Amino acid sequence: MIEYESYSYDDTAQIAAEFADTLNGGEFIAMYGDLGAGKTAFVQGLAKALGITQHVTSPTFTIVNEYEGRLPLYHFDVYRIADPDEMYEIGYEDYLDAGGVCIVEWAELIEELFPEDYIKISILKDDEKGFDYRHIILEGKEL
């Protein structure tokens, strides 16, 4: 487990960039955090570090956005998934087997579909430490 403290969007992006350097493709990353915790900010920093030049937004209505960089990035937002089986309708298994990095916001909604060796990222707010403060915890595969 690795823990970080972030006091700004830039801090979160830098933490994500350092994490991106450890990725080789084939990773499944489950993101946990309340609304506004900084999950998308983390993904934006990760994408930039992977050499992705496109504007990265949360795919709330499309469920998944695909980006090409040093590694393909498949960014899921499953907030609107009513049943985990809906993931199969969008080709979820194909993304897992594609050799890129799959990162899922609101991952708790599809936990039964995780591969065994997933990486968990929790982003927690603590308003007592400041409005922009985040405690970021990375757990899983060789961290």
Side-chain angles (χ1 to χ4, degrees), residues 1-127 129 132-143:
M1 175 174 24
I2 302 172
E3 298 184 58
Y4 298 92
E5 290 186 319
S6 171
Y7 292 90
S8 68
Y9 173 91
D10 290 339
D11 287 352
T12 298
Q14 181 59 40
I15 292 163
E18 290 173 16
F19 173 64
D21 289 342
T22 71
L23 302 176
N24 298 308
E27 290 88 359
F28 181 92
I29 303 162
M31 297 195 74
Y32 292 80
D34 292 337
L35 187 65
K39 296 180 298 291
T40 301
F42 190 94
V43 176
Q44 289 169 339
L46 181 79
K48 184 176 180 183
L50 290 175
I52 294 166
T53 58
Q54 293 168 270
H55 180 65
V56 174
T57 60
S58 186
T60 303
F61 296 101
T62 58
I63 310 299
V64 63
N65 286 338
E66 301 178 32
Y67 302 100
E68 289 297 324
R70 175 177 70 82
L71 298 169
L73 179 65
Y74 308 116
H75 178 201
F76 295 83
D77 182 328
V78 299
Y79 185 77
R80 297 191 178 282
I81 294 289
D83 182 327
D85 287 338
E86 290 177 38
M87 294 296 290
Y88 295 109
E89 295 171 19
I90 63 167
Y92 174 72
E93 290 176 310
D94 295 332
Y95 289 106
L96 292 179
D97 296 335
V101 175
C102 292
I103 189 161
V104 180
E105 295 188 40
W106 301 104
E108 61 270 21
L109 299 174
I110 63 162
E111 284 180 334
E112 59 264 35
L113 303 179
F114 291 2
E116 193 172 299
D117 62 343
Y118 73 96
I119 298 167
K120 178 180 180 180
I121 298 177
S122 302
I123 304 178
L124 310 167
K125 299 189 290 185
D126 184 344
D127 291 334
K129 292 188 176 186
D132 291 327
Y133 174 84
R134 302 295 185 265
H135 182 201
I136 301 173
I137 305 165
L138 284 66
E139 302 174 83
K141 184 190 120 178
E142 301 174 19
L143 294 174

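Owing to the predicted nature of the structure, the values given are computational and were not obtained by experimental measurement.
No more than 12 heavy atoms of other residues, nucleotides or ligands sit less than 6.0 Å from atom NZ of K48. Around OH of Y7, the count of heavy atoms belonging to other residues, nucleotides or ligands within 6.0 Å exceeds 12.
A distance of 12.5 Å separates CG in L124 from OH in Y32, rounded to the nearest 0.5 Å. The distance from the CG atom of L138 to the CE atom of M31 is 8.5 Å, given to the nearest 0.5 Å. Here NE2 of H55 is found 13.0 Å from CD1 of I52. Values are rounded to the nearest 0.5 Å. Taken to the nearest 0.5 Å, the CG atom of L73 stands 9.0 Å off from the CG atom of L23. In this structure, CG in L113 is found 12.5 Å from OH in Y118, a value given to the nearest 0.5 Å. Rounding to the nearest 0.5 Å gives a distance of 7.5 Å between OG1 of T22 and CG of N24.
Donor-acceptor pairing under 3.5 Å is lacking for the side chains of D132 and S8.
Between F19 and F42, the ring planes lie tilted relative to each other; the angle falls in the 30° to 60° range.
When side chains are defined from C-beta on, I121 counts as touching I123, because their heavy atoms get closer than 4.5 Å. Proximity of R134 to E5: side-chain heavy atoms (C-beta onward) are nowhere separated by under 4.5 Å. Between Y4 and D11, the closest side-chain pair of non-hydrogen atoms is not below 4.5 Å. Side-chain contact between E105 and T40: present, with at least one pair of heavy atoms (C-beta onward) separated by less than 4.5 Å.
Between F76 and the options Y95, F28, F114, a ring-ring contact (aromatic ring centres under 6.0 Å, His included) holds for only Y95.
In this structure, the side chain of Y67 does not engage the main chain of L50 through any donor-acceptor pair within 3.5 Å. Side-chain atoms of K39 do not come within 3.5 Å of backbone N or O of W106 as any donor-acceptor pair. Checking side-chain atoms of E18 against main-chain N and O of I15 turns up no donor-acceptor pair under 3.5 Å. No side-chain donor-acceptor contact under 3.5 Å links E27 to the backbone of V101. Judged purely by atom type and a 3.5 angstrom limit, N65 uses its side chain to pair as donor or acceptor with the backbone of T57.
Minimum interatomic distance between P84 and E112 (heavy atoms only, all atoms of both residues): CG-OE2, 2.8 Å. Contact record, S6 with I136: CB-CD1, 4.1 Å, taken as the closest heavy-atom pair. A20 approaches A49 most closely through the heavy-atom pair CB-CB, 3.6 Å.
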Exercise. Can you check side chain to side chain contact (heavy atoms under 4.5 Å, CB included) on V78 and M87, steps first, answer last?
Worked result: CA-CA 9 Å; V78 299; M87 294 296 290; 3.6 Å; yes
Problem set entry | Steps toward side chain to side chain contact (heavy atoms under 4.5 Å, CB included) verdict (L46, H75) | CA-CA 11 Å; L46 181 79; H75 178 201; over 6 Å; no
